[in-house]
Amino acid sequence: MKILKKLFLLVAVLSFAATAPAQAKDSLVLDGSTTVGPIAKSFAAYFTKNYGVQVTVSESGSGNGAKSLINGACDIANMSRGMKDAEVAAAKSKGVDPVAHVVALDGIAVVVHPSNFVSALTTEQIRDIYRGKVTNWNQVGGPSAKIVVIQRESNSGTQDLFRSLVVGKKNPITKRAETQASNGAVKSRVATTPAAIGFIGLGFVDDSVKSLSVDGVKPSVETVKDGSYPVARPLFMVTDGQPTGNVKKFIELNRTEDGKQMISELGYVNKY
């Protein structure tokens, strides 16, 4: 009888362990957007320090973050855009139920070299630059210099949103545009190229580049929050179903005072 009781107890323990991995996760894996990356990394360091949970953050782009979640390779997909219909369909086909959580708000800053005396452009002017209709800065009140157009890779959520909000999804970007793989790479190229123009997340703007007013509005925490800056978007962390356990704790860090402080210090805008 004692042997039977021990066997029943062992089966019960094994069954619990098999059915509750999400609740007892002692590590988390995040992948996706380079824009959301700084928030994710800051949250990860905080989470490891305060909860003893190891958190790995990769920055392969929003599209790859979605793929990782669909393929079960990550617990949370960081995305600077919403999931596309095709991604949702692919997720559903694999039994994955993507649920998006807004972690913060962000503006997409249009940036130039600090020496460029252009300080403001309209959406139409930026669209014409990226479509190749305007090729010299003197056509928009700037110096006589051929514009070096910088864009992001096609997998980038920032690229996707910029095309939607400014260029128009059906409008091709000029073939002369250079492609950079991250916000940091775009900033570095613009900072070292006097005739360049690019776009980066508001949290990446520093003194090495100059952000332009768009349609008369300067990108800032205030203008993103009040909706007056025209090139703004929510930032997402996406989970498979409603989060539980440590995944839920991580997702909801942005509601805490510590989380809000981290978001603000990084130059993003708090939703809560």
Side-chain angles (χ1 to χ4, degrees), residues 28-47 55 57-70 74-85 87-88 91-92 96-109 152 155-166 183 199-205 219-272:
L28 296 176
V29 176
L30 287 77
D31 190 15
S33 168
T34 65
T35 301
V36 185
I39 298 174
K41 288 178 177 178
S42 186
F43 280 14
Y46 177 92
F47 209 73
V55 184
V57 179
S58 297
E59 298 174 288
S60 61
S62 293
N64 284 332
K67 288 177 184 177
S68 292
L69 186 72
I70 292 167
C74 71
D75 301 293
I76 299 170
N78 298 322
M79 301 187 69
S80 58
R81 60 166 174 79
M83 286 190 80
K84 299 176 180 179
D85 291 343
E87 291 168 335
V88 173
K92 297 289 186 183
V96 174
D97 177 25
V99 177
H101 313 267
V102 178
V103 66
L105 306 176
D106 185 37
I108 300 176
R152 288 289 305 281
N155 194 50
S156 161
T158 303
Q159 172 83 357
D160 195 72
L161 262 294
F162 184 80
R163 291 199 66 170
S164 296
L165 297 173
V166 179
N183 283 279
F199 51 90
I200 58 178
L202 182 61
F204 288 85
V205 175
S220 69
V221 170
E222 292 73 27
T223 59
V224 168
K225 199 160 191 173
D226 67 21
S228 60
Y229 183 66
V231 197
R233 46 43 187 305
L235 302 177
F236 303 99
M237 288 185 176
V238 186
T239 58
D240 177 9
Q242 291 297 337
T244 58
N246 284 327
V247 175
K248 179 178 172 65
K249 285 181 184 178
F250 192 93
I251 289 288
E252 293 183 349
L253 270 179
N254 68 328
R255 299 169 182 262
T256 68
E257 290 307 311
D258 287 342
K260 291 176 185 178
Q261 183 176 345
M262 284 184 270
I263 289 169
S264 295
E265 287 177 350
L266 289 168
Y268 298 92
V269 181
N270 281 295
K271 177 188 175 184
Y272 299 102

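If you're wondering where the values come from, they're calculated on a predicted model, not measured in any experiment. Numbers for residues simply follow the sequence, beginning at 1.
Residue pairs satisfying the salt bridge (Lys or Arg N to Asp or Glu O under 4.0 Å) criterion with at least one member in residues 230-250, sequence neighbours excluded, are listed as follows: Asp106-Arg233, Lys248-Glu252. Residue pairs satisfying the salt bridge (Lys or Arg N to Asp or Glu O under 4.0 Å) criterion with at least one member in residues 37-46, sequence neighbours excluded, are listed as follows: Lys41-Glu59.
For Thr256, the side-chain hydrogen bond (donor to acceptor under 3.5 Å, both in side chains) test picks out no residue, with sequence neighbours left out. The ring pair (Phe, Tyr, Trp, His ring centres under 6.0 Å) search around Tyr268 returns none, not counting sequence neighbours. Scanning for ring pair (Phe, Tyr, Trp, His ring centres under 6.0 Å) contacts around Phe236 gives an empty result, with sequence neighbours left out. For Ser68, the side-chain hydrogen bond (donor to acceptor under 3.5 Å, both in side chains) criterion is met by Asp31, not counting sequence neighbours. Considering only residues two or more places apart in sequence or on other chains, Tyr46 meets the ring pair (Phe, Tyr, Trp, His ring centres under 6.0 Å) condition with none of them. In terms of the side-chain contact (heavy atoms from CB on, under 4.5 Å) criterion, residue partners of Arg81 (sequence neighbours excluded) are, by chain and number, Ser62, Met79, Lys84, Glu87, Asp160, Leu161. Contacts of Gln242 classified as side-chain contact (heavy atoms from CB on, under 4.5 Å), with partners at least two apart in sequence or in another chain: Val99, His101. For Ser164, there are no side-chain hydrogen bond (donor to acceptor under 3.5 Å, both in side chains) partners two or more places apart in sequence or in a different chain. Looking at residues two or more places apart in sequence or on another chain, you find no salt bridge (Lys or Arg N to Asp or Glu O under 4.0 Å) involving Lys225. The salt bridge (Lys or Arg N to Asp or Glu O under 4.0 Å) search around Asp226 returns none, not counting sequence neighbours.
The backbone N or O of Ser33 lies less than 3.5 Å from no partner atom in the side chain of Ser80, so there is not a single donor-acceptor pair. Here the side chain of Asn183 pairs a donor or acceptor atom with the backbone of Gly201 at under 3.5 angstrom.
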Could you walk me through whether Asp258 and Leu253 satisfy the side chain to side chain contact (heavy atoms under 4.5 Å, CB included) test, starting with their C-alpha distance in whole Å, then the side-chain angles of each, then the deciding distance to 0.1 Å, before giving a yes or no?
CA-CA 8 Å; Asp258 287 342; Leu253 270 179; over 6 Å; no
Should Phe250 and Met237 be marked as a side chain to side chain contact (heavy atoms under 4.5 Å, CB included) after you check the CA-CA gap, both sets of side-chain angles, and the distance that decides it?
CA-CA 10 Å; Phe250 192 93; Met237 288 185 176; 3.9 Å; yes
Under the side chain to side chain contact (heavy atoms under 4.5 Å, CB included) rule, what do Asn270 and Asn254 come out as? Steps first, then yes or no, please.
CA-CA 8 Å; Asn270 281 295; Asn254 68 328; 5.6 Å; no
